[in-house]
Amino acid sequence: MNPRGICFLAFVLFFSVVSAKSRLPTRTIKDMEKNITKPVDPSEVKPTKDLGHKKPKQFGSQKVPQSPRARKSRPRVEAQTPAILIQVVGKGQFQKMGDSLSVRAGNSLELRCRGKSVRWRFPVYLEEEGEGRLRIKHFTQYSQLLVMNSTIGDTGEYSCWSRHCQNSECRDVEDRTGRTFVFFTDPEELFVPTEDYYEVVQLRTNQPTLLPCQVTSPEARVTLHREFPPEEVSVDGVDISFDAKKGFTIHRPRASFAGSLFCMASLGGIRQISTKYILIYINYPSSSPRPTIKASATSVFLGENFNVTCTALGEPEITVDFTWEYPGQLVGRPPYVSECSTVVRRAGQVQQEWESVFYVEEARAKDQGIYTCRATNLQGTSTASTRIRILQPSQILVSTDKAGDH
């Protein structure tokens with residue numbers, strides 16, 4: 001065939017294809033073009049029920065295994081340990097307990113403690129005056145504490161702990177304890193009520209002193225005041241600090257703090273004063289006395305006199321009291337004791353020496369035994385003992401020669 005004939009045949013074929021394409025529906029043409037221009041995406045193919053809803057494999061391709069390092073690691077979600085103590089705030093609604101909680105006085109308080117064997121601790125006032133208002137129920141997995149018709153006197157710490165019981169023995173589980181401090185608020189009452197108008201508090205030199213003026217609201221502003229002369233006491237957080245859950249703490253008791261003090265609270269235009277505290281300064285010893293004992297003689301003949309001396313060193317102005325135990329107590333023999341004290345200097349320190357002397361006149365056989373001295377101060381008691389032996393007079397044997405006896 002000549003070149004001119006070939007060109008004419010090609011033109012006829014092209015015209016036939018165009019005419020056929022123009023007679024096809026537009027949707028079919030587009031589908032054909034898609035099938036021709038790009039391969040089928042398996043992700044666009046919906047799985048049939050026969051495949052069990054599994055994604056079909058892409059033909060002509062092989063799954064290339066990924067190295068462990070190439071895989072993306074999902075963030076690890078740590079399981080949170082359920083709270084031991086929670087508050088029930090509504091039907092099926094719970095709230096994890098924080099360090100403190102405020103509840104309007106008159107409302108109910110419902111707490112739950114997780115565990116199989118649960119024990120509760122709550123304010124003493126609620127235990128004594130809460131008959132009918134305090135309800136505790138134990139269930140299989142938790143225990144419930146319910147306070148009905150709450151009052152400001154119910155303010156305090158609420159805690160619970162779980163016990164592990166095996167056979168007949170039970171022990172507390174240290175990591176299964178929950179606690180919170182609950183304020184039962186009342187805009188008309190800013191202090192938790194107390195029984196006495198005056199309360200005597202000892203200012204001990206060996207430990208901090210607490211003035212327990214508890215408030216019913218953590219938002220109340222509280223200050224410390226002296227009654228005579230009337231003045232506000234400085235609270236610097238070092239010598240004296242305040243905690244809404246406890247009151248004022250005097251960390252370094254001194255004689256200058258002695259007297260009548262009270263707390264004043266103000267909130268929302270209301271100002272109230274607490275119970276008055278009568279502070280008495282007491283110079284407490286740092287330790288209990290350590291007595292030493294010594295007898296005038298450890299062996300005494302019948303009818304002779306002897307004495308036993310007990311000595312104890314202590315801090316200045318710290319009183320030491322003595323008591324005695326002796327064999328004559330069993331027969332009702334009265335004790336004869338004399339006591340005195342002197343200020344001495346030992347190892348460069350000024351100390352006070354206390355002495356108690358126990359006298360025994362005309363020793364008897366029943367005076368033999370152990371003599372014990374008990375020395376006591378505000379910190380404690382210590383003892384010292386010694387033994388006394390009563391000797392019988394020796395018998396003089398006189399041997400006479402009988403006449404005519406050789």
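Numbers here are sequence positions counted from 1.
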Student: Show me the donor-acceptor pairs within less than 3.5 Å that the side chains of residues 194-203 make with the rest of the protein, sequence neighbours left out.
Tutor:
residue	atom	partner	partner atom	Å
Thr194	OG1	Asp196	O	3.4
Thr194	OG1	Thr275	OG1	2.5
Gln202	OE1	Arg204	NE	3.0
Gln202	OE1	Arg204	NH2	3.1

Student: With a 4.5 Å limit on heavy-atom distance, are the side chains of Tyr125 and Pro193 in contact?
Tutor: no
Student: Short question: side chain of Glu188, backbone of Ile270 - any donor-acceptor pair under 3.5 Å?
Tutor: no
Student: Do any side-chain atoms of residues 306-320 form donor-acceptor pairs under 3.5 angstrom with protein atoms, and if so which ones, sequence neighbours left out?
Tutor:
residue	atom	partner	partner atom	Å
Glu315	OE2	Ser286	N	2.7
Glu315	OE2	Ser286	OG	2.7

Student: Between Thr185 (side chain only) and Ser102 (backbone N and O only), is there a donor and an acceptor less than 3.5 Å apart?
Tutor: no
Student: Going from OG1 on Thr177 to CG on Leu85, what distance comes out if it is rounded to the nearest 0.5 angstrom?
Tutor: 10.5 Å
Student: Got Asp154 and Phe122 here, is their nearest side-chain heavy-atom distance under 4.5 Å?
Tutor: no
Student: Tell me which donor-acceptor pairs under 3.5 Å the side chains of residues 86-93 have, and how far apart each pair is, sequence neighbours excluded?
Tutor:
none

Student: Evaluate side chain to side chain contact (heavy atoms under 4.5 Å, CB included) for Thr151 paired with Arg133, printing each intermediate quantity in order.
Tutor: CA-CA 10 Å; Thr151 68; Arg133 299 190 301 109; 4.1 Å; yes
Student: Please collect all ring-ring contact (aromatic ring centres under 6.0 Å, His included) contacts where either partner lies in residues 204-234, sequence neighbours excluded, each pair once.
Tutor: His225-Phe262
Student: Before giving the answer on side chain to side chain contact (heavy atoms under 4.5 Å, CB included), spell out for Tyr158 and Leu145 the whole-Å C-alpha distance, their side-chain angles and the decisive distance to 0.1 Å.
Tutor: CA-CA 10 Å; Tyr158 291 74; Leu145 182 145; 4.3 Å; yes
Student: Of all residues at least two apart in sequence or in a different chain, which pass the ring-ring contact (aromatic ring centres under 6.0 Å, His included) check with Phe183?
Tutor: Phe181
Student: Which atom names give the shortest non-hydrogen contact between Glu189 and Ile152, and what distance separates them?
Tutor: CB-CD1, 3.4 Å
Student: Run the salt-bridge test on Arg179 and Asp99 with the 4.0 Å N-O cut-off and return the result as yes or no.
Tutor: no
Student: Show me, pair by pair, the donor-acceptor contacts under 3.5 angstrom made by side chains of residues 103-110, not counting sequence neighbours?
Tutor:
residue	atom	partner	partner atom	Å
Glu110	OE2	Gln144	NE2	2.6

Student: Scan for disulfide bond (SG atoms under 2.5 Å apart) pairs involving residues 321-355, sequence neighbours excluded, and state none if there are none.
Tutor: none
Student: Could you please spell out the steps behind the side chain to side chain contact (heavy atoms under 4.5 Å, CB included) verdict for Leu391 and Val300?
Tutor: CA-CA 6 Å; Leu391 301 176; Val300 181; over 6 Å; no
Student: Going by the rule side chain to side chain contact (heavy atoms under 4.5 Å, CB included), which residues pair with Ser143 if we only count those two or more places apart in sequence or in a different chain?
Tutor: Val118, Trp120, Ile136, His138
Student: Can you tell me if Ser217 uses its side chain to pair, donor with acceptor, with the backbone of Glu219 under 3.5 Å?
Tutor: yes
Student: Could you give all pairs that pass the salt bridge (Lys or Arg N to Asp or Glu O under 4.0 Å) test and reach residues 250-265, with sequence neighbours left out?
Tutor: Asp239-Arg252, Asp239-Arg254
Student: Measure from the side-chain N and O atoms of Ser382 to the backbone N and O of Ala375, and report whether any donor-acceptor pair falls under 3.5 Å.
Tutor: no
Student: Got a sec, which pairs hit side chain to side chain donor-acceptor pair (under 3.5 Å) with one end in residues 321-337, sequence neighbours left out?
Tutor: Trp324-Ser356, Glu325-Arg374, Arg333-Asp367
Student: Among pairs that include at least one residue of residues 193-283, which meet disulfide bond (SG atoms under 2.5 Å apart), considering only residues two or more places apart or in two chains?
Tutor: Cys213-Cys263
Student: Can you check whether Leu190's main-chain N or O pairs, donor with acceptor, with Gln272's side chain at less than 3.5 Å?
Tutor: yes
Student: Could you check whether any side-chain N or O of Asn149 sits under 3.5 Å from a backbone N or O of Gly132, counting only pairs where one atom can act as donor and the other as acceptor?
Tutor: no
Student: Please name the pair of heavy atoms, one in Ile293 and one in Tyr371, separated by the smallest distance, quoted to 0.1 Å.
Tutor: CD1-O, 3.7 Å
Student: Going by the rule ring-ring contact (aromatic ring centres under 6.0 Å, His included), which residues pair with Phe242 if we only count those two or more places apart in sequence or in a different chain?
Tutor: Phe248
Student: Could you check whether any side-chain N or O of Thr298 sits under 3.5 Å from a backbone N or O of Ile388, counting only pairs where one atom can act as donor and the other as acceptor?
Tutor: no
Student: Apply the test salt bridge (Lys or Arg N to Asp or Glu O under 4.0 Å) to residues Arg121 and Glu157: give CA-CA distance (whole Å), side-chain angles for both, the deciding distance (0.1 Å), then the verdict.
Tutor: CA-CA 8 Å; Arg121 184 178 290 115; Glu157 184 179 84; 6.0 Å; no
Student: Is the shortest side-chain heavy-atom distance between Leu210 and Lys246 below 4.5 Å?
Tutor: yes
